[in-house]
Number of protein chains: 2
Amino acid sequence: MKEGPDIAHVAALIGDPARANMLTALMSGKALTVSELAEEAGVTIQTASSHLSKLNEGGLLRPRKQGRHKYFSLANDDVAHVLEGLMGLAAGSGHLRKRTGPKDTELRKARVCYNHLAGDMGTQLFDSLIAQGHLAMNGENLTLTETGANFATSFQIDLDTLRSNRTPLCRECLDWSERRSHLAGSLGRAFLSRFEELSWVKRDQKTRVVTFSRNGAKEFERQFAVN
Amino acid sequence: MKEGPDIAHVAALIGDPARANMLTALMSGKALTVSELAEEAGVTIQTASSHLSKLNEGGLLRPRKQGRHKYFSLANDDVAHVLEGLMGLAAGSGHLRKRTGPKDTELRKARVCYNHLAGDMGTQLFDSLIAQGHLAMNGENLTLTETGANFATSFQIDLDTLRSNRTPLCRECLDWSERRSHLAGSLGRAFLSRFEELSWVKRDQKTRVVTFSRNGAKEFERQFAVN
DNA sequence: AATATGCTTCGACTACGGTCGAACTATGAA
DNA sequence: TTCATAGTTCGACCGTAGTCGAAGCATATT
């Protein structure tokens with residue numbers, strides 16, 4: 001009853017419906033303003049503001065002021081990771097918010113998870129990189145191998161700028177729909193944005209859905225075959 | 001606001017202080033009765049009963065009736081995993097329930113996490129098994145290699161009975177204190193109970209602390225050196 | 001300056017849910 | 001059968017926290 005960190009506080013923060021909606025909205029990886037989040041949660045701006053300050057004090061968010069706007073994003077990958085885990089539990093106990101709607105299959109196919117690719121395609125990417133020896137798991141943490149670094153640069157990803165960033169390069173993130181790992185970290189983000197540049201994929205503006213173009217799917221298949 | 005599983009419900013379940021206390025108590029891996037959990041949470045038996053039925057409906061617990069007792073344990077490793085994740089967030093935002101008490105260092109050194117070894121020693125074990133090629137990570141899931149199977153049997157672990165169980169053999173579980181992975185799954189449990197048989201370690205009855213005997217620490221060092 | 005927009009703070013209202021006492025059921029012991 | 005112990009159900013109480021209107025700041029735009 002006394003040892004260990006205080007779970008209840010954090011969980012209670014996530015446990016309010018309005019706040020949970022905001023957090024899931026932020027799982028898209030985009031930074032959103034107070035009013036956008038209010039809209040997303042279905043509450044007035046005042047209450048949204050109150051909720052956001054609480055989430056912020058709880059260390060779940062990262063606020064940035066820009067002019068008269070205030071942008072919020074998730075604090076870090078750990079937060080996203082826990083949220084995905086909770087989604088897994090909720091999905092497992094059959095508590096989907098919408099019972100396998102048409103969007104649902106799209107979400108399972110490919111979606112954005114805090115700026116990196118998740119869903120079926122996300123785990124395919126991850127498995128492929130591991131299988132080709134581009135990524136290696138040393139105990140806990142993923143590392144980019146030499147061949148992996150070459151591959152990334154040949155894929156027009158600038159590793160130096162990624163490395164200069166203080167966020168970890170590769171991380172694994174558990175997928176609630178696939179129940180498998182996909183690639184997170186700044187490299188994961190770089191891959192997704194590169195896919196966008198190549199217009200292999202397109203991110204839906206309002207949801208987390210990621211759609212592959214016909215050509216994009218073909219190229220993805222070619223480069224990241226899961227033989 | 002509409003897609004994805006309903007996080008809020010699960011999080012709210014964990015978010016109540018009394019329930020959170022029960023869940024952390026169950027992180028020891030032991031099944032506890034209603035009255036024990038009531039004691040642990042600091043509430044009367046009636047309220048405990050109500051809490052437990054809610055947690056159960058939420059799919060977080062696994063109840064078992066035995067005579068006039070009713071035992072509860074965590075439903076599965078996923079639940080434990082999410083709880084550890086939440087502990088990580090809480091610890092990260094500086095919300096420790098007790099500020100680095102004397103127990104705290106013991107907990108970080110070695111503790112029990114849903115019946116397997118966690119903390120510093122837990123991650124050491126995991127890293128060693130990976131480094132020696134006893135465990136391999138194929139994309140998402142851990143697998144026991146051939147040499148690993150030999151090692152386990154030489155360590156008096158009966159793999160056949162473990163495999164006959166329907167729970168996964170090896171899983172990784174994120175450690176909130178170390179922020180690294182340690183070994184979960186039935187193999188993880190088997191290792192811990194084997195350590196107990198060898199009296200390398202002793203589990204505290206009331207807390208999650210695991211203490212290594214002098215000899216146990218030496219032997220552990222010898223077998224699972226982190227060179 | 002004057003006005004508009006984005007966000008925060010304050011205060012009051014309300015409701016949901018945690019809490020326990022008391023009564024009830026079920027299993028085991030004498 | 002009778003008593004004791006473990007757990008559940010019911011009902012009533014109460015507090016906390018989510019909610020919004022209104023007013024107050026702060027940053028842009030004219």
Side-chain angles (χ1 to χ4, degrees), chain A residues 1 6-26 30-73 90 95 97, chain B residues 1 6-26 30-75 90 95 97:
Chain A
M1 155 173 180
D6 180 16
I7 282 186
H9 181 232
V10 195
L13 284 177
I14 310 176
D16 176 77
R19 289 194 289 257
N21 283 332
M22 296 178 182
L23 291 172
T24 36
L26 290 172
K30 293 193 295 189
L32 298 176
T33 69
V34 177
S35 10
E36 287 170 327
L37 288 165
E39 166 77 24
E40 202 71 37
V43 293
T44 63
I45 301 183
Q46 304 94 295
T47 68
S49 173
S50 143
H51 283 311
L52 288 168
S53 57
K54 285 174 190 174
L55 287 173
N56 190 35
E57 282 171 28
L60 299 182
L61 298 183
R62 184 158 76 93
R64 269 168 294 183
K65 278 182 92 166
Q66 229 166 88
R68 56 181 165 179
H69 294 274
K70 193 167 179 183
Y71 286 94
F72 283 97
S73 50
H95 278 161
R97 190 164 309 187
Chain B
M1 155 172 184
D6 181 17
I7 284 186
H9 181 232
V10 196
L13 283 177
I14 310 176
D16 176 76
R19 289 194 288 257
N21 283 332
M22 297 180 181
L23 290 171
T24 36
L26 290 172
K30 292 192 297 189
L32 299 175
T33 69
V34 177
S35 10
E36 288 170 326
L37 288 165
E39 166 77 23
E40 202 71 37
V43 294
T44 63
I45 300 183
Q46 304 96 294
T47 67
S49 174
S50 144
H51 283 310
L52 288 168
S53 56
K54 286 174 189 174
L55 287 172
N56 190 34
E57 283 170 28
L60 300 181
L61 298 183
R62 184 158 76 94
R64 268 167 296 183
K65 277 183 93 166
Q66 228 166 86
R68 57 179 164 180
H69 293 275
K70 192 165 178 185
Y71 286 93
F72 283 97
S73 52
L74 296 185
H95 279 160
R97 192 164 307 185

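Values below: all heavy atoms of this structure, side chains included; hydrogens, waters and symmetry mates excluded. Here the structure is a predicted model, which means the values were calculated and not measured. Just so we're on the same page: letters track the sequence lines, and every chain starts at 1.
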Open item on the list: Over all strands shown, is A/Thr33 touching base, sugar-phosphate only, or nothing at heavy-atom distances under 4.0 angstrom?
Closed with: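 Answer is sugar-phosphate: A/Thr33 comes under 4.0 Å of backbone atoms only.
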Euclidean distance, atom [atom1] of residue [X] to atom [atom2] of [N] [Å, nearest integer]:
X: B/Leu52; N: D/dA6; atom1: CG; atom2: P; result: 16 Å
X: B/Lys65; N: D/dG7; atom1: NZ; atom2: P; result: 10 Å
X: A/Leu32; N: C/dG6; atom1: CG; atom2: P; result: 15 Å
X: B/Ile45; N: C/dA26; atom1: CD1; atom2: C1'; result: 15 Å
X: B/Glu36; N: D/dT5; atom1: CD; atom2: P; result: 17 Å
X: B/His9; N: C/dG17; atom1: NE2; atom2: P; result: 10 Å
X: B/Lys70; N: C/dT27; atom1: NZ; atom2: C1'; result: 14 Å
X: B/Leu13; N: C/dC16; atom1: CG; atom2: P; result: 17 Å

Looking only at side-chain atoms of [X], point me to the closest of [options].
X: A/Thr44; options: D/dC20, C/dC20, C/dG18; value: D/dC20
X: A/Val34; options: C/dT8, D/dT27, D/dA4; value: C/dT8
X: A/Asp16; options: C/dG18, D/dT19, C/dG28; value: D/dT19
X: A/Ser49; options: C/dT8, D/dT8, C/dC7; value: C/dT8

Distance below 4.0 Å between [X] side-chain N/O and [N] OP1 or OP2:
X: A/Arg68; N: C/dA4; result: no
X: A/Ser35; N: C/dC7; result: yes
X: A/His51; N: D/dT19; result: yes

Open item on the list: Taking B/Leu13's backbone N and O only, do any of them form a donor-acceptor pair with B/Arg19's side chain (distance below 3.5 Å, no angle check)?
Closed with: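 Checking the backbone N and O of B/Leu13 against the side chain of B/Arg19, a donor-acceptor pair under 3.5 Å is found.
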Open item on the list: Keeping A/Thr24 on the side-chain end and A/Ala20 on the backbone end, is there a donor-acceptor pair under 3.5 Å?
Closed with: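 Judged by distance alone, yes, a pair lies under 3.5 Å.
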TODO: Enter the distance from A/Ile14:CD1 to B/Ile14:CD1 here, rounded to the nearest 0.5 Å.
DONE: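 If I round to the nearest 0.5 Å, the distance is 8.0 Å.
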TODO: Working to the nearest 0.5 Å, report the span between CD1 of A/Ile7 and CG of B/Asp16.
DONE: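 Result: 12.5 Å between the selected atoms.
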Task: Pair B/Thr33, B/Glu36: side-chain N/O donor-acceptor within cut-off below 3.5 Å - done: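 Side-chain D/A pair, B/Thr33 to B/Glu36: present.
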Open item on the list: Let's test your reading of the model: under 3.5 Å, does the base of D/dG21 pair with the side chain of A/Gln46 as donor and acceptor?
Closed with: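 It does, because a donor-acceptor pair links the side chain of A/Gln46 to the base of D/dG21 below 3.5 Å.
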